[in-house]
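Here is the structure we will look at, set down as structure tokens.
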Amino acid sequence: MDQTRPGRKSLPPVGTITRGTTGVNRLRRSDRWLVHDDLVTDRLLTAPDPMVVDLGYGAAPWTTFELAARLRTVRPDLRVVGLEIDPARVVEGRDGVRFARGGFELAGLRPVLVRAFNVLRQYPEDAVADAWARIQSNLAPGGLLVDGTCDELGRRCAWVLLDEHRPLSLTLAWDPFTVERPSDIAERLPKALIHRNIPGEPIHALLTAADRAWDRSAPLAPFGPRARWRGAAESLRANGFPVRVYRRRMRDNVLSVPWDTVAPNR
């Protein structure tokens, strides 16, 4: 039985209908990150009811089915619900995935993980805090929210990981062979940051430093863009940026930092 709050099974959807663009395998980089992130996998494995919500999956549910298949490599009994505020996009469920109408209120569900990709990008910046708070208030205890953005082919991705109370980290992930510089991800920053990529803001300082580190790592270019990025990430850490160290072999170039490193100035 779905985990809902008593008396809240028919909540009116909160939010507005967005463009709904989607595509097969568009969110593969964030999915890869989710199935290997220690915090995310711990919350999935220890959840009494491992329910995941894919919020705003768009005009077609391809990425919801992909999310379910990938996360079930972590926990096979995981349940996935796709929510769309546009009733015309709600489709029949299959393969253990169901679909329903819902918005930031999460249709009364209490998931341990919510993925909201390319949703808040279409809202004004000043709507982000309220949307985050609404989703966070409906998470299961220990639940997490991933608010992200990517390009149409999924080659450039960025997302914020939040718990029930606050943002935890920012992660940028990109195709090593089609993205020339780390700052090329700027156009796909989450809504909370995309208008802050200006001098004086922490996200601008990080991207500028990442480009400098990339340039300094040019001697590693003959070994491929992944090796060059590993050198650039080491350079960033040496210059005081708390860039997360990934020990596993990475298919993507990934830059992840604590949220405090990039939180907008007030």
Side-chain angles (χ1 to χ4, degrees), residues 22-58 61-83 93-99 106 109-119 135 139-151 153-164 167-176 179 185 188 190 226 229-230 233 243-259:
T22 187
V24 173
N25 220 21
R26 186 183 184 188
L27 305 183
R28 59 196 179 280
R29 301 187 197 284
S30 63
D31 287 354
R32 279 198 287 265
W33 186 86
L34 287 172
V35 301
H36 288 102
D37 182 76
D38 290 341
L39 179 60
V40 173
T41 55
D42 176 72
R43 298 296 167 85
L44 291 175
L45 288 170
T46 59
D49 180 15
M51 182 197 303
V52 174
V53 163
D54 189 18
L55 179 62
Y57 54 83
W62 314 121
T63 55
T64 306
F65 291 122
E66 291 164 356
L67 177 69
R70 288 162 179 155
L71 291 184
R72 282 173 182 153
T73 64
V74 176
R75 181 153 180 180
D77 63 336
L78 180 129
R79 296 185 298 120
V80 175
V81 181
L83 293 181
R94 63 177 172 83
D95 300 333
V97 179
R98 76 176 185 88
F99 300 91
L106 303 184
L109 302 174
R110 297 278 279 165
V112 69
L113 176 65
V114 174
R115 182 181 71 177
F117 243 82
N118 300 308
V119 175
I135 297 171
L139 293 172
L144 299 169
L145 162 64
V146 179
D147 168 27
T149 306
C150 69
D151 65 8
L153 297 178
R155 293 174 175 173
R156 309 175 186 195
C157 301
W159 58 87
V160 181
L161 180 69
L162 305 92
D163 64 10
E164 302 161 273
L168 301 176
S169 63
L170 170 73
T171 299
L172 313 178
W174 63 94
D175 180 356
V179 177
I185 312 302
R188 296 296 169 174
R226 295 187 183 102
W229 173 245
R230 287 194 294 270
V243 176
R244 180 174 172 180
V245 178
Y246 289 94
R247 302 298 182 189
R248 66 183 177 87
R249 197 172 187 86
M250 303 289 282
R251 184 180 303 182
D252 308 313
N253 283 351
V254 178
L255 169 59
S256 188
V257 294
W259 177 253

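Bear in mind that the values here come from a model prediction, so they are computed numbers and not experimental data.
The closest donor-acceptor contact from the side chain of Arg79 to the backbone of Gly96 lies at 3.5 Å or more, if one exists at all. Not a single donor-acceptor pair under 3.5 Å links the side chain of Arg244 to the backbone N or O of Ser169. No donor-acceptor distance shorter than 3.5 angstrom exists from the side chain of Arg26 to the backbone of Gly154, with no hydrogens or angles considered. Panel note: side chain Asp37, backbone Val40; a donor-acceptor pair is recorded below 3.5 Å. Arg29 places no side-chain N or O within donor-acceptor distance of the main-chain N or O of Ala173, the cut-off being under 3.5 Å.
Summarising the geometry, atom CG belonging to Asp252 is positioned 12.0 Å from atom CG belonging to Leu172; distances are rounded to the nearest 0.5 Å. Within the model, atoms OG of Ser256 and CG of Leu170 stand 7.0 Å from one another, a figure rounded to the nearest 0.5 Å. Considering CG of Leu153 and CG of Asp175, their distance stands at 10.0 Å, rounded to 0.5 Å. Between the CG atom of Asn118 and the CG atom of Leu55 there is a distance of 11.5 Å, given to the nearest 0.5 Å. In this structure, CG on Leu144 lies 5.0 Å from CG on Leu39, to the nearest 0.5 angstrom.
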Apply side-chain contact (heavy atoms from CB on, under 4.5 Å) to the pair Leu162 and Ile135, showing each step before the final yes or no.
CA-CA 10 Å; Leu162 305 92; Ile135 297 171; over 6 Å; no
Taking it one step at a time, do Val114 and Leu83 satisfy side-chain contact (heavy atoms from CB on, under 4.5 Å)?
CA-CA 10 Å; Val114 174; Leu83 293 181; over 6 Å; no
Under the side-chain contact (heavy atoms from CB on, under 4.5 Å) criterion, do Met51 and Val112 qualify, and how do the steps go?
CA-CA 6 Å; Met51 182 197 303; Val112 69; 5.7 Å; no
Between Phe99 and Phe65, does the ring-ring contact (aromatic ring centres under 6.0 Å, His included) criterion hold? Intermediate values first, please.
CA-CA 11 Å; Phe99 300 91; Phe65 291 122; 5.5 Å; yes
Dump the intermediate steps for side-chain contact (heavy atoms from CB on, under 4.5 Å) on Leu67 and Leu27, then the final yes or no.
CA-CA 8 Å; Leu67 177 69; Leu27 305 183; over 6 Å; no
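Trp33 places a side-chain heavy atom less than 4.5 Å from the side chain of Leu161. Residues Asp54 and Val97 fail the side-chain proximity criterion, which asks for heavy atoms closer than 4.5 Å. Side chains of Ser30 and Thr171 form no contact here, defined as non-hydrogen atoms less than 4.5 Å apart. Within the 4.5 Å cutoff, no side-chain heavy atoms of Val179 are placed close to those of Asn253.
By the 30° and 60° cut-offs, the orientation of the rings of Trp159 relative to Phe117 is tilted.
Scored by the salt bridge (charged side-chain N to carboxylate O under 4.0 Å, His left out) test, Arg188 finds Glu152 as partners (sequence neighbours excluded). Residues that satisfy the side-chain contact (heavy atoms from CB on, under 4.5 Å) test with Arg248, not counting sequence neighbours, are His36, Met250.
In plain terms, the two heavy atoms of Arg75 and Leu45 that are nearest each other are NH1-O, 3.2 Å. Thr64 and Gly82 make their closest contact through CG2-CA, 4.2 Å (heavy atoms, listed as atom of the first residue, atom of the second, distance). Listed here is the closest heavy atom pair of Asn25 and Arg70: OD1-NH2, 2.5 Å. Taking every heavy atom of both residues into account, Leu139 and Leu145 meet most closely at CD1-N, 4.4 Å. Nearest heavy atom pair, residue Cys157 against residue Ile185, reads O-CG2, 3.8 Å. Between Val35 and Thr41 the shortest heavy-atom distance is O-CG2, 3.4 Å.
Ion pair Arg110/Asp49 not flagged as a salt bridge, since none of the NZ, NE, NH1 or NH2 atoms sits closer than 4.0 Å to an Asp/Glu carboxylate oxygen.
Around the CZ atom of Arg156, the shell of radius 6.0 Å holds more than 12 heavy atoms that belong to other residues, nucleotides or ligands.
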